[in-house]
Amino acid sequence: MSKGLTKRSEDYSAWYNELVEKADLAQHSAVKGCMVIKPYGYAIWEKMQRALDDMFKATGHVNAYFPLFVPKSFLEKEEEHAEGFAKECAVVTHYRLKGNPDGKGLVVDPAAKLSEELIIRPTSETVIWNTYKGWIQSYRDLPLLINQWCNVVRWEMRTRIFLRTAEFLWQEGHTAHSTEQEAVEETERMLGVYADFAEQWMAVPVVKGTKTPNERFAGAEDTLCIEGLMQDGKALQCGTSHFLGQNFARSFDVKFVNKEGQLEYAWATSWGVSTRLMGALIMAHSDDNGLVLPPKLAPIQVVIVPIYRDEQGLAAISERVAPIVEALKAKGISVKYDNDDKFKPGYKFAEYELKGVPVRLGLGMRDLENGTVEVARRDTLTKESTSLDGIVDFVANLLDEIQANIFQKALKFREENTFEVDTWEEFKEQIEKGGFVSAHWDGTGETEEKIKELTKATIRCIPFDSIEEEGKCVYSGEKSGKRVLFAKAY
RNA sequence: CGGGGCGUGGCUCAGCUUGGUAGAGCGCUCGGUUUGGGACCGAGAGGUCGCAAGUUCGAAUCUUGCCGCCCCGACCA
């Protein structure tokens, strides 16, 4: 089984790369650091988008679209923001090519130099706040709750498919509010949306928390995040939500008249999740046989494989399967009846396992005679024979059960790989082994840097549910009021 | 930017040391037998050997230069 897929225990990194490719999720493109998301992978992303988009709408947001290009002068306006992104910007300097006067091909036309360089958006705060200036005059224009789905470019030195690519897809929410409290509440609300999505749809348990100043978004007053733990013991930031204060309003001069008739700067938030979630999904659940998808995000939830000897046999099975397919579809379950004669059942079994289809039904002549069907679940790799009567409800329940089971499995993994540590020796040892390490920290950036330098571990977040307790910093021994979460991260 | 690897049919790779008809497996097309955990037989199609220059009677193979991608590090979501 699982021919050609490296085992996780042998080389986790190779396993991941091969899985992405073999399960038809994505492939490397001809362009360095970029990926082609293939139809099967994109179908998962579309399901993520749909669920998230519904959640955004349900919380009062609307979609819009802002340009790909950011004038350099915009990016410069918020100083910290500019500094944070300067190192990874793709820059457009010209708007025309021409035939090479010295031979074949095309060259940049020096006559077509832009008077101002355009940056390919690494994020859109600046373009959007430049636009908001014209939209916001009164407190009656607020709150402004806008989201956009788009691509962004961050020129990373080292890339990894889905986890860190030069170009990626995401959504970015940008809201404007009349009070600080409202903006803070929005920041928290959207982090909650992300956490619910991660846990209920992706079946990935996440820790909600606050980033340290060092890890904070460039230009934000406060960055909240959800952090997941992958099977190799490394953490993955799955989403962020920023309270931007009045920083961008000030930089772009976005003022509104409040109820008292006074001019005030608007309060801002921004929040985003990206195709990186695909990486989280893969690394959280999948095994040495391939992808394991939560039913709620699986493009194909149920596959039905006929097992037959001749055309009459196939026809008989197809006839019996047709109403089942209809009934499953009527319940909103996506089902594929694979009657492709090109492949044998064994091949199909392996293929759908690799692709993470949650439930497989095998139906052969014996089953037709006995009124049974073989049900195989991807999460446990178990098979059982059950009655064809009531198979639709059986499958519907099973999908719910699988969704719950893989979440529980991931939760158990996280719990078993979260460690409270109180001494430096223990800390170093545990970080080396992997997992979340909950430890006291003196709250200084210097200590944080030092720990990172010595162990490669970063503070993933200060968890919301971290309890107040007297302690000593695991590195400096200084006083600390609560534990924070350390880990090596992607 | 440093270190390593790779570039030969759609895919994975062999061939290069020692220059001389461009190969295998998988996939693809056609025909037949098969079908409860990655079937088999037969016949076929498909390649400017990353690019350029050089050496040579002759270069996938030797020399030089260039380009691209992947992996590991520094940096970062």
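In the text below, chain A, chain B and the rest are named by the order of the sequence lines, each starting its count at 1. Note that this is a predicted model, so its numbers are computed, not measured.
- Between A/Lys22 atom NZ and B/U12 atom P the separation is 10 Å, expressed in whole Å.
- Taking a cutoff of 4.0 Å between a charged side-chain nitrogen and a carboxylate oxygen, A/Asp379 and A/Arg377 qualify as a salt bridge.
- A/Leu236 comes within 4.0 angstrom of no nucleic acid atom, judged by non-hydrogen atoms across all strands.
- In summary, A/Lys355 and A/Asp24 engage in a salt bridge, as defined by a charged side-chain N under 4.0 Å from a carboxylate O.
- Atom CH2 of A/Trp149 sits in a crowded spot, with more than 12 heavy atoms from other residues, nucleotides or ligands closer than 6.0 Å.
- Separation of the P atoms belonging to B/A52 and B/U61 is 12 Å when rounded to the nearest angstrom.
- Side-chain contact between A/His81 and A/Thr123 is present, with at least one heavy-atom pair separated by less than 4.5 Å.
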Enumerate all atom pairs, one protein N or O and one N or O from nucleotides 5-11 of chain B, separated by less than 3.5 Å.
none

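- A/Phe343 meets the ring pair (Phe, Tyr, Trp, His ring centres under 6.0 Å) test with A/Tyr347; sequence neighbours excluded.
- In this structure, B/C1 and B/G73 make a Watson-Crick or G-U wobble pair, each of the two defining distances being under 3.5 angstrom.
- Comparing the C1' positions of B/G10 and B/G19 gives an interatomic distance of 30 Å, to the nearest angstrom.
- Residues A/Ile226 and A/Lys208 come closest through the heavy atom pair CG2-CG, 3.8 Å.
- If you take OH of A/Tyr308 and P of B/G36, they are 10 Å apart, rounded to a whole angstrom.
- Between the P atoms of B/U35 and B/A45, the separation comes to 31 Å (whole Å).
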task = Determine, step by step, whether A/Thr165 and A/Thr159 satisfy the side chain to side chain donor-acceptor pair (under 3.5 Å) criterion, reporting the C-alpha distance in whole Å, the side-chain angles of both residues, the deciding distance to 0.1 Å, and the verdict.
result = CA-CA 5 Å; A/Thr165 45; A/Thr159 57; over 6 Å; no
request  = Give the C-alpha distance, both sets of side-chain angles, the deciding distance and a yes or no for side chain to side chain donor-acceptor pair (under 3.5 Å) between A/Lys234 and A/Tyr12.
outcome  = CA-CA 11 Å; A/Lys234 287 170 84 173; A/Tyr12 192 83; over 6 Å; no
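- In textbook terms, a nucleotide whose glycosidic angle is within 90° of 0 is syn, while B/U29, being further out, is anti.
- Under the ring pair (Phe, Tyr, Trp, His ring centres under 6.0 Å) criterion, A/Phe243 pairs with no residue, sequence neighbours left out.
- Using P as the reference atom, B/G15 and B/A24 are 15 Å apart when rounded to the nearest Å.
- As a whole-Å value, the separation of A/Gln312 CD from B/U35 P is 14 Å.
- B/G50 sits 15 Å from B/G9 when the C1' atoms are compared, rounded to a whole Å.
- Contacts of A/Phe56 classified as ring pair (Phe, Tyr, Trp, His ring centres under 6.0 Å), with partners at least two apart in sequence or in another chain: A/Trp271.
- Nucleotide B/G54 has B/C62 as its partner under the Watson-Crick or G-U criteria, with both atom distances under 3.5 Å.
- Ring centroid separation for the pair A/Phe427 and A/Phe486 comes in under the 6.0 Å cut-off.
- In terms of position along RNA chain B, the nucleotide closest to A/Gly364 lies nearer the 5' end than the nucleotide closest to the other residue of the pair A/Arg216 and A/Gly364.
- In a base pair of the Watson-Crick type (N1 to N3 plus N6-O4 or O6-N4) or a G-U wobble (N1-O2 and O6-N3), with each distance short of 3.5 Å, B/G7 is matched with B/C67.
- At the heavy-atom level, A/Phe168 lies under 4.0 Å from base atoms of the strands shown.
- For the pair A/Phe349 CZ and B/A39 P, the computed distance is 11 Å after rounding to whole Å.
- Going from atom CD of A/Glu353 over to atom C1' of B/G37 covers 8 Å, rounded to whole Å.
- In summary, of the residues considered (A/Thr240, A/Thr223, A/Leu224), a side-chain contact (heavy atoms from CB on, under 4.5 Å) with A/Phe217 occurs for A/Thr223 alone.
- Using a 4.0 Å heavy-atom criterion, one finds that A/Asp367 contacts the bases of the nucleic acid, with or without backbone contacts as well.
- Only the P atoms considered, B/C66 is 24 Å distant from B/C71, to the nearest whole Å.
- Side chain to side chain, A/Asp11 and A/Thr6 fail the donor-acceptor criterion of an N or O pair below 3.5 Å.
- Judged by closest nucleotide on RNA chain B, A/Pro306 is the one of A/Lys211 and A/Pro306 placed further toward the 5' end.
- The base-pairing partner of B/C16, taking Watson-Crick or G-U wobble contacts with both distances under 3.5 Å, does not exist among the strands shown.
- The distance between atom CD of A/Glu351 and atom C1' of B/G37, rounded to the nearest whole Å, is 13 Å.
- Straight-line distance between the C1' atoms of B/G4 and B/A77: roughly 27 Å, to the nearest whole Å.
- Between the base of B/G37 and the side chain of A/Arg360 there is a donor-acceptor pair shorter than 3.5 Å.
- To the nearest angstrom, P of B/G36 lies 8 Å from CZ of A/Arg309.
- Taking the centre and axis of the six-membered ring of A/Phe349, the NZ or CZ atom of A/Arg360 falls inside the cone set by 45° and 6.0 Å.
- B/U21 is unpaired under the Watson-Crick or G-U wobble criterion, no partner having all donor-acceptor distances under 3.5 Å.
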ask   = Which letters describe nucleotides 70-76 of chain B, given B = protein heavy atom under 4.0 Å from base, S = only from sugar-phosphate, - = neither?
value = SSBBBBB
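- Figure legend. B/U29 is base-paired to B/A43; pairs are counted as Watson-Crick or G-U wobble with both atom distances under 3.5 Å.
- Among the protein residues, A/Thr458 comes within range of no part of the nucleic acid, since none of its heavy atoms lies under 4.0 Å from any strand.
- Between B/U48 and B/U29, the two C1' atoms lie 25 Å apart (nearest whole Å).
- Between A/Lys234 atom NZ and B/A77 atom C1' there is a gap of 14 Å when expressed in whole angstrom units.
- Taking a 4.0 Å limit (strictly below) on heavy-atom distances, residues 335-342 of chain A reaches RNA chain B at A/Asp341, A/Lys342.
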